[in-house]
Amino acid sequence: MRVLVVEDEQYMARVLELGLRREAIAVDVVHDGTTALERVTVYDYDAVVLDRDLPGVHGDEVCRRIVAMGAECRVLMLTAAGRLGDKVEGLGLGADDYLAKPFDFPELVARLRALYRRSPMAHSPTLTFAGLTLDTHRRQAVRDGTEIRLTPKEMAVLELLMRANGGVLSAEYLLDKAWDAHADPLTNAVRLVVHTLRKKLGEPRLVHTAIGAGYYLGAK
């Protein structure tokens with residue numbers, strides 16, 4: 001999952017960024033509505049965590065424009081107001097969910113994952129392939145009964161490959177979905193993560209290379 005966090009409070013934005021990355025979620029962070037709208041037109045986000053009280057372009061207007069764009073990303077609005085009227089108004093703008101500050105971080109993650117499953121392409125929380133099971137809620141990978149400990153980035157890449165169901169994913173696509181906007185497009189980070197992922201998954205090999213095209217899962 002790739003998420004854009006739009007939060008003008010620097011400390012809160014940093015907390016959200018670090019916490020979501022620990023959950024194997026790729027995160028970009030911006031602090032104003034204008035930049036948020038620019039990012040949404042450039043990157044393919046699965047969800048936007050949007051603070052309602054933003055400087056410049058207000059969060060309400062950002063939400064309206066995202067909806068008007070027809071973007072497939074889901075919008076989770078954050079606000080310091082917890083009144084029912086504010087929640088109804090926020091959802092009326094086209095937001096998919098609404099969370100009042102202060103909130104428990106696990107609830108934010110749970111809501112984001114729920115929105116991810118409700119995206120135009122349904123996302124099951126549990127994935128299986130050739131004896132390999134990935135529980136995206138528990139962040140747990142098991143192959144033939146043995147748990148495999150993965151880093152958040154390895155977990156994110158594995159989830160993308162499993163959801164592709166044997167389809168080839170380019171390094172550029174994996175970089176776009178599992179890393180953030182600061183990732184160097186010329187980096188070999190994807191190749192290195194795939195290499196360590198292969199070793200951890202063991203034999204017979206599951207992650208294969210389509211020369212000149214990318215990577216895919218195959219039971220051979």
Residues forming a salt bridge (charged side-chain N to carboxylate O under 4.0 Å, His left out) with [X], sequence neighbours excluded:
| X | value |
| --- | --- |
| E203 | none |
| R14 | E17 |
| R139 | E159 |
| D176 | R2 |

Determine the minimum heavy-atom distance between [X] and [Y], stating which atoms define it.
| X | Y | answer |
| --- | --- | --- |
| D51 | D53 | OD2-O, 3.2 Å |
| C73 | D96 | O-OD2, 4.4 Å |
| V62 | A36 | CG1-CB, 4.4 Å |
| L112 | A47 | CD2-CB, 3.9 Å |
| V75 | C63 | CG1-SG, 4.1 Å |
| P55 | D32 | O-CB, 4.3 Å |

Nearest 0.5 Å, what's the [atom1]-[atom2] distance between [X] and [Y]?
| X | Y | atom1 | atom2 | result |
| --- | --- | --- | --- | --- |
| M162 | L132 | CE | CG | 4.5 Å |
| T146 | L201 | OG1 | CG | 12.0 Å |
| T79 | L50 | OG1 | CG | 10.0 Å |
| R111 | L76 | CZ | CG | 7.0 Å |
| K177 | Y43 | NZ | OH | 13.0 Å |
| L217 | L161 | CG | CG | 5.0 Å |

Original post:
Is a side-chain N or O of R21 found less than 3.5 angstrom from the main chain of V27, in a donor-acceptor match?
Top reply: yes
Kindly work out whether a path of hydrophobic side-chain contacts (I/L/V/M/F/W/Y, heavy atoms less than 4.5 Å apart) joins [X] to [Y].
| X | Y | answer |
| --- | --- | --- |
| M1 | F105 | yes |
| F103 | V15 | no |
| V142 | V207 | no |
| V57 | I66 | yes |
| V42 | V40 | yes |

Subject >> CA sep, side-chain torsions, deciding dist, call: L108, E23, side chain to side chain contact (heavy atoms under 4.5 Å, CB included) >> reply: CA-CA 11 Å; L108 172 67; E23 295 292 327; over 6 Å; no
**OP:** Output the rest of the hydrophobic cluster of V67: all Ile, Leu, Val, Met, Phe, Trp and Tyr residues reachable through side-chain heavy-atom contacts under 4.5 Å, sorted by chain and number.
**Re:** none
**OP:** Check whether any side-chain heavy atom of L78 sits under 4.5 Å from a side-chain heavy atom of L16, and report yes or no.
**Re:**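 Contact flag for L78/L16 side chains = yes.
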Original post:
Any side-chain heavy-atom pair from Y45 and D28 closer than 4.5 angstrom?
Top reply: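 Yes, their side chains come closer than 4.5 Å.
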**OP:** Verify side chain to side chain contact (heavy atoms under 4.5 Å, CB included) between R191 and Y215, making sure each step is shown before the conclusion.
**Re:** CA-CA 9 Å; R191 182 176 61 82; Y215 306 96; 4.0 Å; yes
I'd like to check the side-chain contact (heavy atoms from CB on, under 4.5 Å) partners of [X]; sequence neighbours left out, ordered by chain and number.
| X | result |
| --- | --- |
| I211 | none |
| A189 | W179, T187 |
| H195 | K199 |

**OP:** Take M77 and D60, measure what side chain to side chain contact (heavy atoms under 4.5 Å, CB included) needs, and give me the verdict at the end.
**Re:** CA-CA 9 Å; M77 293 193 77; D60 289 359; 3.7 Å; yes
Which atom pairs, donor and acceptor, lie under 3.5 Å between side-chain atoms of residues 3-13 and protein residues at least two apart or in another chain?
residue, atom, partner, partner atom, Å
E7, OE1, K101, NZ, 2.8
E7, OE2, E9, N, 2.9
Q10, OE1, H31, NE2, 3.4

Original post:
Are any of the side-chain nitrogens in R74 or D46 under 4.0 Å away from the carboxylate oxygens of its partner?
Top reply: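 So R74 does not pair with D46 through a salt bridge.
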I'd like a table of donor-acceptor pairs (distance under 3.5 Å, sequence neighbours excluded) in which one partner is a side-chain atom from residues 149-158, with atom names and distances.
residue, atom, partner, partner atom, Å
T151, OG1, E154, N, 3.1
T151, OG1, E154, OE1, 3.4
K153, NZ, A178, O, 2.8
E154, OE1, T151, N, 2.9
E154, OE1, K200, NZ, 2.8
E154, OE2, T196, OG1, 2.9
E154, OE2, K200, NZ, 3.4

**OP:** Determine, step by step, whether L37 and M69 satisfy the side chain to side chain contact (heavy atoms under 4.5 Å, CB included) criterion, reporting the C-alpha distance in whole Å, the side-chain angles of both residues, the deciding distance to 0.1 Å, and the verdict.
**Re:** CA-CA 10 Å; L37 290 169; M69 288 176 192; 3.9 Å; yes
Subject >> Qualifying residues under side chain to side chain donor-acceptor pair (under 3.5 Å), relative to R65, sequence neighbours excluded >> reply: E61
Subject >> Those residues that, when tested against R198, pass side chain to side chain donor-acceptor pair (under 3.5 Å) (two or more places apart) >> reply: T209
